[in-house]
There are 2 protein chains.
Amino acid sequence: MDTRWLDEGERAAWLRLIAVVELLPGVLDTQLRRDAHLTHYDYFVLAMLSEAPDRTLRMTALALRTNATLPRLSHVVRRLEGRDLIERFPCPEDGRATNARLTPAGWDEVVAAAPGHVEAVRSHVLDVLNPAQVTQLQQICDALLTRLDPDGLMGQLYDLRR
Amino acid sequence: MDTRWLDEGERAAWLRLIAVVELLPGVLDTQLRRDAHLTHYDYFVLAMLSEAPDRTLRMTALALRTNATLPRLSHVVRRLEGRDLIERFPCPEDGRATNARLTPAGWDEVVAAAPGHVEAVRSHVLDVLNPAQVTQLQQICDALLTRLDPDGLMGQLYDLRR
DNA sequence: GGGTGTTACTTGAAGCATCAACCAATCACC
DNA sequence: GGTGATTGGTTGATGCTTCAAGTAACACCC
């Protein structure tokens, strides 16, 4: 079967998307590591917990919301637990499940890190785009996610109980 | 100084962008690793070399084009050199520099891997978007790159000699 | 022509992600 | 109520990235 190669416009869009995907994580990590000793993924985990009811989520639900695999989350949570930012306890309703809960220290950490992080997000991403582009970006990413993560999307939309 | 928090639309766009950035590399890596025993970054390095004059580039130029740091590229090239896909030799014009050149085996590898990779790019990204969105994506990424990589952009546009 | 500083690249150590394997609890079903 | 399959999660090994440090060549300048 013969390949449909990329035309000029497709190639231009693709090369730039690759560049963004390659560079953005580094920028976010650098700021957060410097100012809060957190990976961007660490921060995202803490942030998702901070917005959940009781600041608690099941590991599986947390993995879905953070677009990560369960093994990855497990390692990260173990490290954060060692720093007393998160605590784990067995889920009373399902013996197989474990809940992750933000500790008070973890909450303080998020509150302290948030302004600097939002500033970074603004200066590197949102403030560079006009309002129309922000909307376009959302729609484009939505379309991509239906293909990249057909199941995971559900996790973002429906409120999974712990 | 008080933080300008994200409004609803900004937050929606941001969360989805994070998800894409988190998931896309994994999808590309998985396909290429399975079909060609290459990381996406490995493939990208080989692809950039394959398009360069004499299939040769300086390490610095190659790092710029692949949006990576020099240490990262150095490790990757060492591994690819071990598989005889790339060869390194000192640059005759500048004793400090070293050139990386695609070997015939490396060329074959790119040629063999390209169709499957392009198919993955199409099915996961480009074919999910309509033509207008592809253009928007390019413009958005262009805007982001002026901030994410103010110098690197030059490397993409001007043809660096080896 | 000998500092001084910069550029180009490599290396080793440390940390994080990923994969496969594993265990434990629950569910389905007869 | 017992067996097999599934779900939920953890762990250890491997590999890649990153950071800091190091080496070597070049450029400038007095």
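Every chain is numbered from 1 and lettered A, B, ... according to where its sequence line falls, protein lines coming before strand lines.
Counting any heavy atom pair closer than 4.0 Å across all strands shown, D94(B) reaches sugar-phosphate atoms only and no base atom. Counting non-hydrogen atoms under 4.0 angstrom, S74(A) reaches a base of the nucleic acid.
With sequence neighbours left out, the salt bridge (Lys or Arg N to Asp or Glu O under 4.0 Å) criterion links R83(A) to no other residue. Among residues two or more places apart in sequence or in another chain, the side-chain contact (heavy atoms from CB on, under 4.5 Å) test is passed with N130(B) by A132(B), Q133(B). Partners of Y41(B) by ring pair (Phe, Tyr, Trp, His ring centres under 6.0 Å), not counting sequence neighbours: none found. In terms of the salt bridge (Lys or Arg N to Asp or Glu O under 4.0 Å) criterion, R55(B) has no residue partners (sequence neighbours excluded).
Atom C1' of nucleotide dT18(C) and atom CG of L28(B) are separated by 16 Å, given to the nearest angstrom. Distance L62(B) CG to dT10(C) C1': 15 Å, rounded to the nearest Å. If you take CZ of R58(A) and C1' of dA25(C), they are 12 Å apart, rounded to a whole angstrom. Counting to the nearest Å, the P atom of dT10(C) and the CG atom of N99(B) are 11 Å from each other. As a whole-Å value, the separation of L70(B) CG from dT10(C) C1' is 9 Å. Regarding H40(A), its NE2 atom lies at a distance of 16 Å from the C1' atom of dA17(C), rounded to whole Å. Atom CG in D29(A) sits roughly 10 Å away from atom P in dC16(C) (whole-Å rounding). Regarding L64(B), its CG atom lies at a distance of 13 Å from the C1' atom of dT7(C), rounded to whole Å.
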Taking N or O atoms only and anything under 3.5 Å, show me the protein contacts with nucleotides 17-24 of chain D, one pair per line.
unit_1: dT17(D); atom_1: OP1; unit_2: R72(B); atom_2: NE; d: 3.2
unit_1: dT17(D); atom_1: OP1; unit_2: R72(B); atom_2: NH2; d: 2.8
unit_1: dT17(D); atom_1: OP2; unit_2: R79(B); atom_2: NH2; d: 3.2
unit_1: dT18(D); atom_1: O4; unit_2: H75(B); atom_2: NE2; d: 2.9

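For residues 103-122 of chain A, the ring-ring contact (aromatic ring centres under 6.0 Å, His included) pairs, not counting sequence neighbours, are H40(A)-H117(A), Y43(A)-H117(A).
Under a 3.5 Å cut-off, the side chain of T135(A) and the backbone N or O of P131(A) do form a donor-acceptor pair.
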